[in-house]
2 protein chains.
Amino acid sequence: MKTIALKKDLKKINSPTMADIVELKLMEFLKKTAFQPGDALPKEMELAEALGVSRNVVREGLSRLKMLGLIESRKRRGMVFVRPDILSSFEKILDPIIMDETTLKDIFELRLVLEMGLGELLYRNKTDKDIAVLEKIAKDQDGIGNTFRIKHELAFHGKLYEIAGNETLKRFQIMLLPIFAYVTEREDKPTQGTVNHADLVEILKHGTKEDFNKGMLEHLKPHFDRLENF
Amino acid sequence: MKTIALKKDLKKINSPTMADIVELKLMEFLKKTAFQPGDALPKEMELAEALGVSRNVVREGLSRLKMLGLIESRKRRGMVFVRPDILSSFEKILDPIIMDETTLKDIFELRLVLEMGLGELLYRNKTDKDIAVLEKIAKDQDGIGNTFRIKHELAFHGKLYEIAGNETLKRFQIMLLPIFAYVTEREDKPTQGTVNHADLVEILKHGTKEDFNKGMLEHLKPHFDRLENF
DNA sequence: TATGTATATATGTTCTACATATTAAAGGTA
DNA sequence: TACCTTTAATATGTAGAACATATATACATA
């Protein structure tokens with residue numbers, strides 16, 4: 001017990017390196033200066049001089065911002081600021097890692113919460129054409145294969161987000177789905193409640209928003225139950 | 001119109017640099033090798049030789065993984081694999097950037113969807129003690145100042161996520177809130193519907209899940225309406 | 001056993017030099 | 001003048017060597 005308390009109170013020292021500091025300073029610089037996409041940053045040598053470090057260190061710092069998608073480098077032009085893609089770094093990290101169980105559960109839950117919260121936007125934006133497309137997707141549900149089912153899930157729920165009119169959200173859920181699939185497949189439990197995709201479409205067509213929320217909850221019920229045993 | 005289509009079809013060539021390739025190769029390496037947190041990677045010189053590049057380039061690549069939180073470096077020990085914090089890179093990028101309007105709207109909406117989807121988890125996990133805490137927070141609502149209101153928002157909704165029992169989600173919404181505040185404050189519109197925090201607590205105490213979902217929708221109504229004019 | 005000391009080693013940092021792509025200027029032609 | 005070609009300048013990309021520094025390991029000491 002004592003050691004645990006220690007570990008919590010005295011977190012690692014981790015003295016920052018020059019590159020860490022440069023990274024921070026560059027971030028500040030980007031924030032302070034109101035760069036427009038395409039604007040050029042000072043050149044590496046100038047930054048190096050201003051910060052009092054070698055060009056190498058500056059390059060390491062810049063390299064990190066590049067990874068975040070905040071800058072791009074053009075020969076002769078120098079480094080230019082670009083509007084970063086919010087999800088790209090998230091995507092990079094979500095893929096390769098082995099998450100701990102807690103985070104895994106959190107992410108699993110996150111997706112459920114998103115699905116459950118979608119109703120309002122759907123009922124605000126849906127059109128007859130949307131429903132028709134959704135209906136078609138739901139009809140092609142026959143395939144049984146595992147990889148196929150995932151593809152189908154992606155198609156159906158992806159279309160839902162599309163109807164909601166939120167591209168970021170759609171991409172987000174596409175990223176989440178493999179994780180979702182990983183969790184659902186490691187146990188041999190039903191992956192669908194008593195309400196299936198076709199039923200959901202039917203509700204979306206003729207039912208109220210409240211009906212839809214209830215339907216979605218039924219549809220996701222096995223997953224919610226799965227949370228108990230995590 | 002033509003230029004836009006062009007820009008979409010022919011995305012920049014951006015010939016990858018050695019550092020880009022090293023970054024990729026290292027990612028693959030991390031994925032393939034099932035590293036446990038704390039395991040050491042090969043040392044820089046070995047990587048440099050294996051990849052046929054200078055140590056400098058390897059360091060740039062490693063530096064990027066460091067930014068993602070995938071590795072940490074220890075003197076003499078070498079670089080070690082660490083379980084990355086999923087949200088940290090997202091956090092770094094969310095803060096400094098000036099988002100384009102579309103993304104801003106998407107994020108704004110994302111938060112609304114999350115709040116709306118929270119009901120199920122809340123009703124699964126809430127305890128009397130939780131409600132008591134929430135009640136207290138809602139009572140301290142008197143402050144009018146702008147910064148104070150944000151703090152209060154954070155406290156109340158933060159507690160909701162806490163009750164839901166999802167730390168990732170809670171941190172996520174904390175990151176989202178400043179953006180939310182930015183949007184709400186640039187127009188002079190009401191930020192609260194006819195249902196306030198105290199009302200929500202009351203529903204949570206005695207009402208059904210459906211009541212709560214309706215209440216939350218009412219509470220967020222001004223924000224949903226705001227979406228129309230985005 | 002516990003503590004202090006020494007050494008080897010991997011990362012951190014700096015410098016120098018050269019390669020390469022691309023912009024911008026110079027020059028030539030109609 | 002306007003347009004095309006050539007040239008030169010320049011900022012990033014890459015390599016390699018050298019030294020600084022922290023620290024894990026082994027060893028010595030009490």
Side-chain angles (χ1 to χ4, degrees), chain A residues 2-3 6 10-26 29-30 33 35-82, chain B residues 7 10-26 29-30 33 35-82:
Chain A
K2 230 171 196 171
T3 41
L6 241 178
L10 277 71
K11 42 191 132 190
K12 243 174 309 206
I13 293 228
N14 261 350
S15 60
T17 67
M18 287 288 142
D20 294 328
I21 299 172
V22 168
E23 174 201 325
L24 264 170
K25 294 257 190 189
L26 288 175
F29 181 65
L30 284 187
T33 319
F35 280 111
Q36 289 302 305
D39 287 356
L41 276 67
K43 44 197 156 196
E44 293 177 354
M45 274 312 292
E46 287 174 5
L47 290 173
E49 261 176 73
L51 294 165
V53 296
S54 79
R55 195 180 146 220
N56 241 325
V57 171
V58 171
R59 281 184 64 79
E60 275 195 37
L62 288 170
S63 194
R64 299 189 190 182
L65 299 207
K66 230 184 272 181
M67 153 115 328
L68 287 185
L70 278 166
I71 58 175
E72 272 175 13
S73 61
R74 312 259 170 80
K75 293 221 159 168
R76 171 70 209 260
R77 261 295 295 290
M79 318 286 297
V80 302
F81 174 78
V82 294
Chain B
K7 220 173 172 184
L10 279 70
K11 40 192 131 188
K12 245 169 293 163
I13 293 231
N14 263 351
S15 60
T17 66
M18 288 290 142
D20 294 329
I21 297 172
V22 168
E23 174 202 324
L24 265 170
K25 293 257 189 191
L26 288 175
F29 181 65
L30 284 186
T33 318
F35 280 112
Q36 289 302 305
D39 288 355
L41 274 69
K43 41 198 161 198
E44 293 177 352
M45 272 314 291
E46 287 174 5
L47 290 172
E49 260 176 72
L51 294 165
V53 295
S54 79
R55 195 178 148 223
N56 244 328
V57 172
V58 170
R59 282 184 62 79
E60 276 194 37
L62 288 169
S63 194
R64 298 189 192 182
L65 300 207
K66 229 183 272 180
M67 150 116 330
L68 288 185
L70 278 166
I71 58 176
E72 273 176 14
S73 61
R74 311 261 168 80
K75 290 221 161 171
R76 170 71 208 258
R77 263 292 298 288
M79 318 289 296
V80 302
F81 175 77
V82 293

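Numbered from 1 within each chain, the chains take letters A, B, ... in sequence-line order.
Atom CD in A/E72 sits about 11 Å away from atom P in D/dG13, given to the nearest Å. Whole-Å rounding puts the A/K66 NZ to D/dA11 P distance at 16 Å.
Where the helix from C/dT1-D/dA30 to C/dA30-D/dT1 starts and where it ends, the local axes point in directions that differ by 10°; five pairs per end, rounded to 10°.
Under the rule for a salt bridge (Lys or Arg N to Asp or Glu O under 4.0 Å), the partners of B/E60 that lie at least two apart in sequence or sit in another chain are A/R59. Not counting sequence neighbours, the partners of B/K25 by the side-chain contact (heavy atoms from CB on, under 4.5 Å) test are B/I21, B/L51. In terms of the salt bridge (Lys or Arg N to Asp or Glu O under 4.0 Å) criterion, B/R76 has no residue partners (sequence neighbours excluded). Remark: A/D20 engages A/T17, A/R64 in a side-chain hydrogen bond (donor to acceptor under 3.5 Å, both in side chains) (not counting sequence neighbours). Under the rule for a side-chain hydrogen bond (donor to acceptor under 3.5 Å, both in side chains), the partners of A/R55 that lie at least two apart in sequence or sit in another chain are A/E44. In terms of the side-chain contact (heavy atoms from CB on, under 4.5 Å) criterion, residue partners of B/V82 (sequence neighbours excluded) are, by chain and number, B/E72, B/V80. Scanning for salt bridge (Lys or Arg N to Asp or Glu O under 4.0 Å) contacts around A/K43 gives A/E46, with sequence neighbours left out.
Here B/M67 contributes atom CE and B/L62 contributes atom CG; the two are 13.5 Å apart, rounded to the nearest 0.5 Å. In this structure, CG on B/L65 lies 11.5 Å from OG on B/S73, to the nearest 0.5 angstrom. A/E49 CD to A/S54 OG: the interatomic distance, rounded to the nearest 0.5 Å, is 12.5 Å. Atom OG of A/S63 sits about 11.0 Å away from atom CG of A/N56, to the nearest 0.5 Å.
Within the 4.0 Å cut-off from OP1 or OP2 of D/dA11, not a single side-chain nitrogen or oxygen of A/S73 is found.
A 4.5 Å side-chain heavy-atom check between A/L26 and A/L47 finds at least one atom pair inside the cut-off.
Relative orientation of the B/F35 and B/F81 rings is parallel, given thresholds of 30° and 60° on the angle between their planes.
Of the residues in residues 40-49 of chain A, none has a non-hydrogen atom less than 4.0 angstrom from any atom of DNA chain C.
On the nucleic acid side, DNA chain C has its first and last nucleotide under 4.0 Å of a heavy atom of chain B at C/dA8 to C/dT13, going 5' to 3'.
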Hey, what are the protein-to-nucleotides 15-18 of chain D N/O distances that come in under 3.5 Å?
| from | atom 1 | to | atom 2 | distance (Å) |
| --- | --- | --- | --- | --- |
| D/dA15 | OP2 | B/S54 | N | 2.8 |
| D/dA15 | OP2 | B/S54 | OG | 3.2 |
| D/dG16 | O6 | B/N56 | ND2 | 2.9 |

- Query: When every nucleotide of nucleotides 20-28 of chain D is labelled 5' to 3' by its protein contacts under 4.0 Å (heavy atoms), B for base, S for sugar-phosphate only, - for none, what sequence of letters results?
  - Reply: -BSBB----

